[in-house]
Structures are given as C-alpha cells and as structure tokens.
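This report concerns only the one structure given below.
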Amino acid sequence: MNRLLPRTLMAPAVLTLLLWMIVPLVMTLYFSFVNYNLMQPGEHPFAGFENFHYFITDPDFWPAVGNTLLLIGSVIVITVIFGVLLALLVNEPFPGRGIVRVLLISPFFVMPTVNALLWKHMMMNPIYGVLADVWRSFGAEPIDWLTDLPLLSVIIMVAWQWLPFACLIFITSLQSLDREQMEAARMDGANSFQRFFYLTVPHLGRPMAVVIMIEMIFLLSVFAEIAITTNGGPGNASTNLTYMIFKQSLMNFDVGVASAGALFAVILANIVAAFLIRIIGKNLD
Amino acid sequence: MQPNPMFTVLRTVGAWALALLLFFPLGWLFLTSFKTELQAIHVPPLFIFEPTMENFSEVQRRSDYLLYARNSLITSVGSTILGLLIAAPAAYSMAFFRTKKTRDILMWMLSTKMMPAVGALVPIYVLAQTAGMLDSLPALIIVFTLSNLPIMVWMLYTSYKDIPNEILEAARMDGASIWTEFRHVVMPLSVGGLASCGLLCLVLSWNEAFWALNLVSAKAGTLATLISQYSSPEGLFWAKLSAASLMAIAPIVVFGWFSQKQLVQGLTFGAVK
Amino acid sequence: ATELVIATVNNGHMIEMQKLTPFFEKANPDIKLKWVTLEEGTLRQRVTTDIATKGGQFDVMTIGMYEAPIWSKKGWLLPIATDAAYDVDDLLPAIRAGLSLDGKLYASPFYGESSMLMYRKDLADKVGFKMPDQPTWTQVKEFADKANDPKGGVYGMCLRGKPGWGDNMAFLSTLVNTYGGQWFDMKWQPQIDTKPWKDAINFYVDIMKKDGPPGASANSFNENLALFNEGKCAMWVDATIAASFISDPKQSKVADKVAFAQAPTAVTPKGANWLWAWSLAIPASSTKVDAAQTFIKWATSKDYIKLVAKETGWNTVPTGTRKSTYQTPEFLKASKFAEAEKKAIDTANPNDSTLPKSPYVGVQYAAIPEFQAIGVAVGQQMSAALSGKVTVDEALKTSQTAAEREMKKGGYYK
Amino acid sequence: MAYLELRNIKKSFGDAHIIKGVNLEIDKGEFIVFVGPSGCGKSTLLRLIAGLEPTTSGQLMLDGKDITNLASGKRDLAMVFQSYALYPHMSVADNMSFALKLANVPKDEIRKKVDYAAKQLNLTQYLDRTPKELSGGQRQRVAIGRAIVRAPKVFLFDEPLSNLDAALRGNTRVEIHKLHVSLGATSIYVTHDQVEAMTLADRVVVLKDGLIEQVGTPMELYDHPVNRFVAQFIGMPSMNMVPASAIPSFSSQTGGKLPSDGFLGVRPEGLHVHPGSGVGVPGTVDLIEALGSDTLIHVDVQGIPLIARQNERTPLRVGDDVGVELDPSVLHLFNREGQTVAA
Amino acid sequence: MAYLELRNIKKSFGDAHIIKGVNLEIDKGEFIVFVGPSGCGKSTLLRLIAGLEPTTSGQLMLDGKDITNLASGKRDLAMVFQSYALYPHMSVADNMSFALKLANVPKDEIRKKVDYAAKQLNLTQYLDRTPKELSGGQRQRVAIGRAIVRAPKVFLFDEPLSNLDAALRGNTRVEIHKLHVSLGATSIYVTHDQVEAMTLADRVVVLKDGLIEQVGTPMELYDHPVNRFVAQFIGMPSMNMVPASAIPSFSSQTGGKLPSDGFLGVRPEGLHVHPGSGVGVPGTVDLIEALGSDTLIHVDVQGIPLIARQNERTPLRVGDDVGVELDPSVLHLFNREGQTVAA
Ligand SMILES: Nc1ncnc2c1ncn2[C@@H]1O[C@H](COP(=O)(O)OP(=O)(O)OP(=O)(O)O)[C@@H](O)[C@H]1O
Ligand SMILES: Nc1ncnc2c1ncn2[C@@H]1O[C@H](COP(=O)(O)OP(=O)(O)OP(=O)(O)O)[C@@H](O)[C@H]1O
Ligand SMILES: [Mg+2]
Ligand SMILES: [Mg+2]
C-alpha cells in the first residue's frame, strides 16, 4: 500500500483540528502579549510578560490550580469507585434491571447548565432545598452546601453527571470478564471479596484508564456548574482554572490576561496529556 | 453462579434504591415544573400538590420553543453527520494503516479537547464575525463538530480496530478498491461503533451551552440558550425554569433512554477486550 | 422589512415588552422584532463582547447605568434622537443625568430603580418596633435582633451575599457610602482598607451572622425575594422593583403585611441608596439606526406605559423613568410603594454619592472599565468574609491589594 | 469403596434436562476420560463434580464424604480449563500460588511447592512472566501447574489440549500421562480427541445425551463396544458400518448371527484391498491417503463407501478396480436398534 | 514452463529478514503444501504470493505474466484464511458472490456459479444464512466456496482446518482433496498438520527459517529426506534419532557408512520390540500408547528414548525389560551437520 492514501484519509480531521487549535492559539498567543481589555479596544500596546505576571500573581491562581486538580481527582475517584460498585450491582439479572439501567443512565443526558440549576435551587438550597428538608427531618441543622462546602457541592454535581458514564463503561467491561477465570478462582477457594479484588478489579484496569482519560478531558473545563452555583466562591474556594479564565475574559473583559491564562491551561492540559500518554495511553492499544 | 434468592432480593432492593436516588433530582425537576412558583419554594418541599400546566404554557408563550428545538436538532444532527464524515476516514486510516505516530496523533487530537473554550472565545468570536457567521447554524455546526472530533476519532478508531485484518485482506483479494472495502466491509462491520459514536456526539452537541450561548443570538439559538431566558430573572422563577429545563432536556433524555442499548454497546473506547 | 435584533435581560418588564411586540409591529409594519432574552450576567457578557469586537449581532441593546457613560465616551453608542412627543424632560433627572454625555442622551431608560428597605409590618408591630421613614442602621439592627426567630422560620435581616459587582457589591457600596467611605479617592487610590469600609463590612457581617438566613453568601435579589415571599425575612434592603413582587398576592404569602422605608443610613445619608436603570441603546455599528430609534422611542415613551397599563394594569407598568408616571393617579393608587420609590430615586445622585469627594460617577459602582474586575474580586472577598472563610480585615486587605493591582494595570498610576 | 462416587446425578437448566442420571464409581489413582459428541453434557458433568453448578438431584461422594453441597473451593479438586483461565494480570508464579495464598499456606512452603511444580513442568525460567508472554503450550502447562501445586484429591481437565496445535498436543499428551503416573493422582479428563482418550485413559466413559453409554478400558471399548454408537465413536477412522442387506457376500461371513435388518461393523484394519478384481467383493478406489507408515484406501463397494487401512504402501491409484476382503475375526454385529449382537 | 514461479523471493520486515530467497516452480494443477515449524515464514510466503504484502525483492510469475507488483485483487488468486475471514454481515450467498459482483459479472451468471459451488459444498440450504448462524465446518466450506466461485488461477490456503475439531478436520480434508481433483485447480496449502501434508500434497515444500529445505512428493520426503530436519519433521511420531556412538550395536548395522560423529535415524515402524531380553538391544518400556489399530511403545535404550510402532496389541507393560531390534532396510544416515549420507 502506498503511504499517500492513509494520509489523505486522515487529512481532513488532522487539518481541521490543526486549524481549530492553531488559529485560536496564535491569536491567543498574540493577545497574551498585548494589553487588550474589551472595554478599551482599539489600542493594543505591547505588554511583554505583564499579562502572565498578572495571571500568576493573581491570588486566585494557585488555589485555582489546586481546585482544578482536586475537582478532577475527586470526581474521578468517586465515579470510578461508585461506578464499579453500581456496575457490579446491576451486572447480574434482577427484576426491573432494564428500568434501573435507564434511570441510572439519565443524568448523563442532562445539560450541565440544567444540572447546576437543578442542584443549586432544588437540591442544595439551605432553606427550601430537598436536602435541607432531609436534614431537618433528621432533626439536624440543614447544611448550607454552596457556602460551607462549595467545592464539595460542585464535585457532587459533576460526579452525579459523570457517574452514569463510568458505570456504563464498567458494565460493558464486566460482561467481557471471562467466566472460566471466575470459576477457576472459585475452585481455588476464593470468596466473593477475594474474587472481586484479585480478578474483577484488575480486569477493570483498562476501562478505568478509559474513564479517567475521558473524564480528565471533560473535567478540565468544568465551568457551567461553577458559574451558575458558587461563582467560584466564597472567596476562591471553588474557583478552577477555567472559571478563573472565564472571570478574566467575560467578567473583567481582560482578553490579555485571559489569553495568558488560556495558555497556562493549554500547558496544564499538555502536562496532563503527557501524563496520560505515559500512564494510561499504553493501556489503550 | 448459585443464585441465592436472598442475594437477589438484596440486589434488587439495593439497585432500585440507588437508581431512584440518582434519578431523584431529575424526578424532582419534573415535579417542580408542574408547580406554581409559590409551591416551588414551599418549605417543606411539596411532594403532593395540584399540578398545573401554567409554566409550560408560559414558556411556550414567551419563547418559540419549536424554533429552539429545531435549531438544536439541526445543529446536533448536522454536527454529528459532519463529524462522522470527517472522523470515519481518519479513524479508518489510523486503525488499518498503523504507524508509530498513530498513537501520538490520537493523543494530540485528544489534547486539543483540553483547552478551555473560554480561553478561545475572543479569537473564535472574531473569526466567526469576520466570516460573517455569527448567529448562524453553520457556525454552531462547525464548532460542535470540531470540539467533538477528537472523541469521535478515538471512538471509531477503537471500534475499527476490532475488525480482523484478515477480513479486509479477503476483500482486497476479492478485488475491492479502498472505497468498496470501506463502504461494503468496514462500514457495515462497525455500524455499532458508528451508531454509538453518533449518539454520543448527538448528546454532547445537544447539551453544548458555551458556544451556543456566545456565538448566536436571535436566529440560531439552541435549547441550551433557552435556559438562560429563565434563569434568575427578577422575581420568582423556579417553576418556570424547571419547565423550560424540562422542555430543553426531555428530547435528548428520552432519546437517550431509547438508544441506551446502542450507545452502551459502542461506548467502550476499546476498554473491553 | 427591517429586522431588529434586540438583546434584553430576562426581567419581568422586558418580558412584558416582548409580549407587546404585535402592537409595535402593527404600528410599524416595516419593522420586525427579534428578541434575545438572556439572564443578566450572560446578557452583559454577550453585549460587551459584541460591541467591543464590533460583532454587530444586535441592533438594540439593553444596558445599565454603568455601561452607558463608559461606552458613550468611547463612541460605541449612537445618541438617541428624541423629539417633542418623547418629552425628554419628563425623565427623572437623576436617571437622565446618568445616561447622558455632554447633554446628549445615549440610552433611553426603560425602567429604573433605587434601593429601599422593605419590612414586615406585622412583625414590627408584634415586637413593638416603630419603623422611621428613614431609619438608621443601628435602629434596623435593633429590629432585626428582636424579630430574628430561626426556629420559627423567620430571619431578622435578608441582604445580598452572592459575589458580583452587580450583586453583593451593589448593596455593600451603598452601605460603605453611608458609613462615609468611597471606592477611590481623588488620586484614584482604592480606599477599601479604610475605617468606613471596616465599620460597614463588620456591621454587615455581624448582622448577617446574627440575624441572617443560612446560605446568605449565595443569595442575591431572587433568593432573598423567595425568602421574603415565603415569609422568612423580617427585613430586606434591595432594589425598589422588589416592592411590586412582594406586594403581589399571587407571588407572595406576605403581600398584605409589607411596608416600605428609605434605605437605612449611618454616618451620612449620601449614597445610602443606589440608582440603576435598564436602558435601551443603539450600538454605533448598527446598520438599522432608524428602525432602532423608532423602536426605542416607542418602548420608552409615555404611551408605552399607558399601553402596559391598559393591557395588564397600572401595577405592572415599568417605573422609575418618568415623572409623569408618578403623577398618574391610577398608578399611585395601584402601587402603594410608588411614593417611597420615587423618593429613593430622587435622592440618589450618581455624581455626588460619597462623603469625601470622589473622582468617579456612580453610586453603587464606579463607572470606569476597571471597576468590573475590582467589583468581582472584592465581591468574592466580601462573600468569603460573610461565610466566615476569612476575617473581615483579611478580606478588606486582599480586596485593597486586588484593587490596586487592577488600577495599576489600568495605567492610573505607576 | 470408590474414591469418587456419582450417585444418580441429574442436572436440568430450566426445562432442559442435560444430565439425566449418571452413576459412576472412580477409584483412587484412576484416570477417567469422558468422551461423547458435542453437547452431550461432558462439560456439564465435570462442572457438577467441580461444584461450579449445583446438581438438580443426586449425590456426590468424595473420599467417603458427601460433597454434594460443598462450596467449590472446599472440595479439594483442581480443574484445568479449556481456555486455561489463567489470571491474566498475575505472573506465572502468582497464578500457581493463588490458591495456596488464599488458603494461608506459609510463604516458604508455597515457594517450595511452586518451584517443584515449575521444575516438573519445565516452567522455572518463566515464573516471572505473565500469561500473555507465554506460548500456547506454556500456558497450558501453567494451567496444569496451578492444579498440581494444590495437590488436590482429584484433577479435572476439560479439553485441556484442544487449543494447541497437533504437534504440541502430542507432546503435552505424553507429559500429562507421565505426570499422572508420577503423581499417582486421580483424574477426570474430558476430550473429544480419539487419541487422547485411547492413550490416556484407564477407563473411558462414553456419554450420549446426558447418559452413560458404556464405561470400560480403551481396548474394551475398541474391541467390545456395546452398541453401534460406541463402536463408531471410538476409533479413527471410524468403523465401517454396512447394512446387513447391502453387501450380501460380507453378511454371509457372519455365520448367520447378523439380524437381517441389522448392521455389520468392520474396522478399517479389518478390510483388505487387493488389486484387480480377483479376490473378494469388487469395488473401485475413491481416494488414497498415504500417511507414510500406513495407508488409508477409500473404496466404493456397490455404492457403500468403505475405508481400509493397511500398513504397507499401495501401488493402487484412484479409479482402480479392486477386490475387498473381510477379516472375519474382527467383525461387529448390531441389531436394528444398534445394540451389539454376540458374534 | 512453470505455471507459477517464485524467483528468488525475499522479504524483510524492517531489519528482520523473514524470507531469505525462495525459488519455486509450480505446475498447473499441482497441489503444493508448505510445511515448517511455527514462525518459519509459511504464512508470509503465502501472503507474498497473494499480494497482501509487497515483496522486498525477487519476482513472481503467474501463467507467463509478471505479477510481482500487481494489486492483490488483480492477481486472479483466491485465498482461504485460517479464521475464514468471512464477511459477517453478508449472507453466505453474498459472501461467495462478493468478488464477482465487484468484477461486474452479470447477475445470472453469478447465481449460476454460486449455486454450483454451493451444491458441490453441500451449502445450498444455507445460502441465506449469515456466517454466525453456521457451524465451524460450514463456515469453512463457505470460505472455500468463496474461493471456488472465482475460478482463480491458484487457490491459496493458510491452515484452513486448524480451527476445526479432529473429526471434522478429517472429513474436510477428504473433501478438499476430492474438490482439488474434481476442479483440477492449482493450489498452495499451508499447514503444520502432518496428515494433511502427507495426504493432500502432490509436492510438499519444507521451509525452515525462510528458506526451502526440501521439495518433493510426500513419499519422497518420507523415504528420502535430505537432512535430519526434514526427516524428523515429516512423520508422526517423528523419526528416532540416535547419535552414532550411543548404541554401537545399532550403528554397526549400517555397513560402516555412518560417520562416527553422525546420527542414525529410524522410523518408529522400523523398530521391533520383543518381550524379554533375548533378542536385540536391551531396554525398558517407558510408556505404552494403545491406539486400537496400532500401538506406540516408548522404550528407553541405554538412556536414549525411542518410540516403536507396531500394528498388533502388545502384552507389554510399563517397566518391562525388552529387546529392541532394528529393521536394517529403512535406516537413515546423517553426518554431523545433519545432511543425509547415502545408505
Ligand atoms: N448454563 C446453561 N444453561 C442452559 N443450558 C446449558 C447451560 N450450560 C450448558 N447447557 C446445555 O447443556 C448441554 C450440554 O452442554 P455441555 O457444555 O456439557 O456439552 P459438552 O458435552 O461439553 O459439549 P462440547 O464437546 O461441545 O464441549 C448443551 O446443549 C448446552 O446447550
Ligand atoms: N507484519 C510483520 N511485521 C514484523 N514481523 C512479522 C510480520 N509478519 C510476520 N512477521 C514475522 O515473520 C516471521 C514468520 O511469520 P509467519 O506468520 O510467516 O510464520 P508461519 O510460518 O506462518 O508460522 P505459524 O505456523 O505460527 O503460522 C515470524 O517471526 C513473525 O514474527
Ligand atoms: Mg464442553
Ligand atoms: Mg502462519
């Protein structure tokens, strides 16, 4: 086979993605070195590294990096652990399994905006939210979720949305678990827990890698959930990098600093990507 | 496995309880959309009340729901088709003409997905404006397509990789051209992957809010932008917001329910071996 | 026909206007109206992005008093061509001043508002408190302490806590103003770490901790409105527009128990209540200027007010823009808060709202481009202080630093 | 008393009765092979013994103990699966020691046992590899090693060699035989490979449709099948079966004992093919398969295809006319129902 | 002139030289079988002929035409893959007619050809099924049918029977043979099954490490292997190989032609085992494998393991002392390098 053909086939995807990435990137790069506030257009004096300086020295910066990683990390941990457990639960037949699966999968189809509004107003509101009522019915003081546990609240919402996804992938993967292997372990005298830890968990290694990979991609840019519920606060308690860039570009209209921030995000993304390729990518061939 | 009846009962109860728990927020949204505004913020929350259709008729009166729904449909279906058209050949080429760089290209594609959209807003906005494509469906279709493309390529790539090479070789020996091979062998063999890739893309596009909110205004608004008309105006809005939200997500959620099996089958990203 | 794309905020008056589209289109058959209704924050983002990049997506934009002076100075807006029928002198002077540059009106006010105190007459009577027409914050606190009864589901004081320059900072700016503080001194030095700020914010945090509802740091107008309507607030200081909601029995459980007073004062009455007007403006890039002018004149005219009155009643007309509205007996009869509202609007003065002299325009904001960033950053800190995540002193110090950073970046000084 | 005893074992999956009542006594140290056509229930029976499926009725006794309801892990049996069922993420050593680890056997004892088994199976140098780094035959051996280290009371094998290629299958077969002898272990082995059944078994159990057709040593089955089914099932190529009326001159050689609606069975080595049409029944050569050491001659005799095996090369070619002769000493007679009739 | 000719074909994957120069001439109608140990390059060579891999150097001539650089689909060859490689989404009929459809053969002609092939292969009633509704053997036949309908110049088979079980393998083997004869087609067949190679081939090509070791008819290879490798590779169980110095009384029977550092090869049927230690070289029985028609006796003679095959049952048991005798007429002599020395 000549080499032209595969390249031709790949070209549309690669070229469009390249454009999609390069053009904004170059523009972003340009903006990051000029003073550009949407409220003061026209004049774009060269700003050197000032924008980067402002972005990094922003007191929100390091907390935002921390929150970003914390958010990604905890959502992944939650969805993987509960996803596996749920998948195990619904893997064997029981009455109404089809309906249960439909119910479980539903949150995945909900728009992030609706998800956030729903949790903020109807679930987590400390006065008339459903959770408050649950707490009250146990005689406890309702938790003021968005104020006292802002990041956790965001994590709950995001995890709620992504749990079905993880669960689905695990269900599919469990179905391919070799029955004979399980039986061999039974004959070796392994009880259900031992079978779970020695066989099921290692078998789920690949799907876990996939879940981590995909969630990482989407969670890096979690934004609606934060913008709608906590506005990154109180203080910067739930600000992640994306929200911080959002604040710069759409609330402060400082395109220069926002661009610098975006470049940081790109760098972070690439670090993450490199990490992924090392640790997980190998697992995917 | 020995089906211990006790175990099955526990499993049934547990699974149903958890499923209902996870579904509860959506169920609550559904309930709330049939409440009056005062009932919506009632303390303690009302489970039993006299349902009203008022919110839905209000939403219908205020916004041209069908226009938004139509736009959502066009953009998500359009970007899905366009995406499949671009992604399928690329994935095919990656899966069947593997080189050492294949994985790097794939990873690079995925990494383009990690750049936060906000960071690129102004450049993209300016580009769209220069091209005269602000507030147009094609602009949204292109943007949705591009942002879903990496995931689609990956998904298709993994589903193509499951096709045994020997079958393609058999086709080649049968005298199939590359196009025939793709059209008559690869495509039919990967319908599952193709379908679930399309479904995923459809869902993602339908739910995309950032670009939909920022690139379009009057003509090309999708259902995701409809929400913004009802969130936090001055005055009570929870019931109306619920109704609007419900109307925005219902099509895709119901669609998701029906296509669940199909979606799940291909949603493996090569995780199942 | 010409198609006008109009960006509006999703508040009640605008939605009413949207519903009245057929009247306009019948009167102007060659103009079609396309509405883009957005939630406030999103609207501001969209409109700003569009006008700054000359996107040209909108022919008419809904903007606030903050944007009007800045954008008109930049030449981004076209002046509104008023005619005799429009009666520009009928506009409330404070509002008109805030929307004009060099005597030319650059945005027509659609509805205006100030802030005031709303309270539960029944609770005041119960605890034996007599609300003065313009109370001091000390008095207010006394009532709040007495009325506060979390067990009974009533909180003494509801105030904004959600971060944002248009959210908590709108209220807090007025509080600081009345405590004798300001955003910037005449050298554009931020004044956030000064005594008036400390006094004001400490007072705010104290009263909210003691008498506020849970979750206050996420509350803004709507959340407080919901609380008040549910009968959970004894007092609430917020936009005058709230008055129409809380006294509407269809929405409020306490409609018949509410009463109104002027925004409380402390050291000075100056700037104790804010001033805001949602206004319609035409971006300079618009290609459909004439149609836009026609529309704006229609939407902000006296006749429009009458049209609304005819269609849905006088209690639903857009207020806070025209003197003539407040001279209409039907209106005065329909809304018992009209008087208090007009007084509040009249006493607010964007050009002189602080005790020490300030270089900026605006009561609850400073009309400079840098203010949004500062307001957002300070708002975050205030909400953090309210939730107890940081102390008031720390919050103010961080805010001061942030403000200095922004001002330096903005080139006000080296 | 028997070491392992199956007492009227039955098994149904829902309405499908798969095992319809099996009685079998196995002595200590015996090597038992289950054969039978695909789907006859060989694997199911083995899995019942292993405890991987609950029996529907009947009793299982092992070493004097009733194990019918004992959990699989507690039965002291080890199984080698067709797909090997190795734990893919564990090293060879871990695969082999897994059961011992679960049983809390001391570390150094585990080591010793694993090392011993590995040496016996020539796996010592692969102990650190994972299964996917091994060839098919090596995987096979690991699976066996996993069974050996446990020193179980009975070894169970479910077609353990079917995934190996012919040459490897031959070698491994011999190894298994030697191992069985050296360990003196009791084994039950499922296969549908003739050669394996014949060479490995002390006794062969022929199953059909969930019932035992015949139990006996390989030579008993070969020489004295109780019915047509067993006769044709054992032996490769299988026994030629001629309806009594088809070739009268053959039937006449049975001394009149062949029922007129019965069948005459003759193994390929019981047929002699002579060139030309002088001797025996005339026929034509259909196909010649020369295997080096012996030759299979496919002949068509009056429309009946017969296979003859001879130990010499043949000068015959396809299409040649031949005479086919019967060796009267090795005839098998069956009645209409397929039951053997004493010759 | 040869019908298909391989002229010094070489193939490397990167640095790995897999096919190192193969010359072969195949006549029209011949059935050629490639055998050789795993990894020797059998499949690669077949794929080179098929055009599925480009050759690194060398020339391929088919029917007088140079096809070295022709696209696979244009070479007029058909291949039957080990995994069958059926199109799973097409019916049996569509599978068989796909190539013809691509070649724009008229519809009714396609029908005729498919029907004919289906009839020959007993597939007529399955034409509408998809492959997954077929059994292994049926799939196999579809794969062959797919090749037949194209009436290609050469059929290529890559271990086509290795996924079938023993019994089916035997039957299908016979079918393929008959088909070959009836079609008179030229075929190249890769296998590592002894029996297939011996019974099917007109000529067998023995490959090792990418080079041809020997080409010849099965009996040529069996009787006159050119070297030790071929001698041991052909025949099952393989030829006993005794170092010249190991059992002097054997070596002495070669008439002095055996080099003193060479090897003596003797096929299992060339060894005779006598009970007791009276006759021949003394040894002990290691293992007895009774196959019904014949018996393999594994004997240990002075530390050398030998296998003898005899056509009778044996009364011997493991551990018995025996005497082993050599049939001097079928000895093979090899020098130190393993080359055959004329006896
Ligand atoms: N879990 C099950 N549920 C229902 N039927 C089953 C189950 N397991 C096996 N069977 C059926 O029982 C019958 C016997 O199956 P089994 O696997 O024991 O056959 P086998 O003799 O091992 O065949 P093979 O030689 O093909 O392995 C088959 O008809 C099969 O379909
Ligand atoms: N595409 C390839 N790239 C690199 N090496 C290859 C490739 N294909 C085959 N090889 C190598 O070429 C050698 C011969 O492979 P081939 O498949 O021809 O062996 P074979 O004789 O068919 O073996 P088997 O009997 O196991 O099928 C092997 O060592 C294999 O690893
Ligand atoms: Mg079986
Ligand atoms: Mg091969």
Side-chain angles (χ1 to χ4, degrees), chain A residues 80-81 83-85 87-88 91-98 166 169-213 276 278-285, chain D residues 43-44 46-54 67 70-91 94-105 110 130-132 139 142-150 152-160 163:
Chain A
V80 165
I81 292 181
V84 168
L85 295 180
L88 281 177
N91 192 37
E92 304 284 331
F94 60 86
R97 179 160 72 148
I169 289 199
F170 291 137
I171 289 178
T172 331
S173 165
L174 276 183
Q175 278 159 3
S176 75
L177 182 55
D178 182 25
R179 199 182 64 149
E180 287 198 342
Q181 252 177 54
M182 273 298 173
E183 294 180 338
R186 267 168 75 198
M187 296 206 58
D188 275 347
N191 61 31
S192 351
F193 283 102
Q194 287 165 328
R195 288 205 296 273
F196 174 71
F197 282 110
Y198 288 115
L199 292 190
T200 312
V201 171
H203 174 77
L204 292 177
R206 266 173 82 89
M208 279 182 198
V210 167
V211 167
I212 291 173
M213 179 102 179
L276 284 177
R278 280 278 145 69
I279 311 285
I280 298 165
K282 251 186 252 145
N283 222 339
L284 295 175
D285 280 314
Chain D
S43 299
T44 305
L46 202 68
R47 292 163 54 79
L48 291 176
I49 299 173
L52 295 173
E53 302 276 0
I67 58 163
L70 215 56
S72 180
K74 302 237 166 82
R75 294 189 178 194
D76 221 350
L77 310 170
M79 182 144 164
V80 176
F81 291 84
Q82 179 169 13
S83 65
Y84 315 148
L86 299 180
Y87 309 127
H89 54 288
M90 297 185 192
S91 70
D94 288 344
N95 260 286
M96 300 215 280
S97 57
F98 187 61
L100 301 179
K101 212 160 68 189
L102 293 179
N104 288 320
V105 175
I110 294 185
T130 56
K132 69 166 168 291
R139 288 181 207 182
V142 175
I144 295 177
R146 194 167 64 177
I148 291 179
V149 290
R150 294 182 47 197
K153 289 186 172 150
V154 180
F155 285 94
L156 308 174
F157 297 85
D158 191 357
E159 310 199 18
N163 284 339

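Residue numbering restarts at 1 for every chain, and letters A, B, ... go by the order of the sequence lines. This one's a predicted model, so the numbers in the text were calculated from it and none came from an experiment.
- Under the 6.0 Å cut-off for aromatic ring centres, Tyr87(D) and Tyr198(A) do not qualify, their centroids lying 6.0 Å or more apart.
- For chain A, the nearby part of Leu86(D) is the backbone; its heavy atoms alone come within less than 4.5 Å.
- Side-chain contact check for Glu183(A) versus Ser72(D): every heavy-atom pair is 4.5 Å or farther apart.
- When all heavy atoms of Asp188(A) and Leu102(D) are compared, the pair lying nearest together is O-CD1, 3.7 Å.
- Contacts between Ala143(D) and chain A at a heavy-atom distance below 4.5 Å are absent for every atom of the residue.
- Here the side chain of Glu180(A) pairs a donor or acceptor atom with the backbone of Ser83(D) at under 3.5 angstrom.
- Heavy-atom distances place the side chain of Arg47(D), and not its backbone, under 4.5 Å from chain A.
- Listed by chain and residue number, nothing satisfies the side chain to side chain donor-acceptor pair (under 3.5 Å) test with Thr44(D) (two or more places apart in sequence, or in another chain).
- Taking CZ of Arg179(A) as the reference point, atom CZ of Phe81(D) lies at 9.0 Å (rounded to 0.5 Å).
- Once rounded to the nearest 0.5 Å, the distance linking CZ of Arg146(D) with CE of Met187(A) reads 10.0 Å.
- With a threshold of 4.5 angstrom between heavy atoms, Ala50(D) approaches chain A through its backbone and through its side chain.
- Taken to the nearest 0.5 Å, the CG atom of Leu199(A) stands 5.5 Å off from the CE atom of Met90(D).
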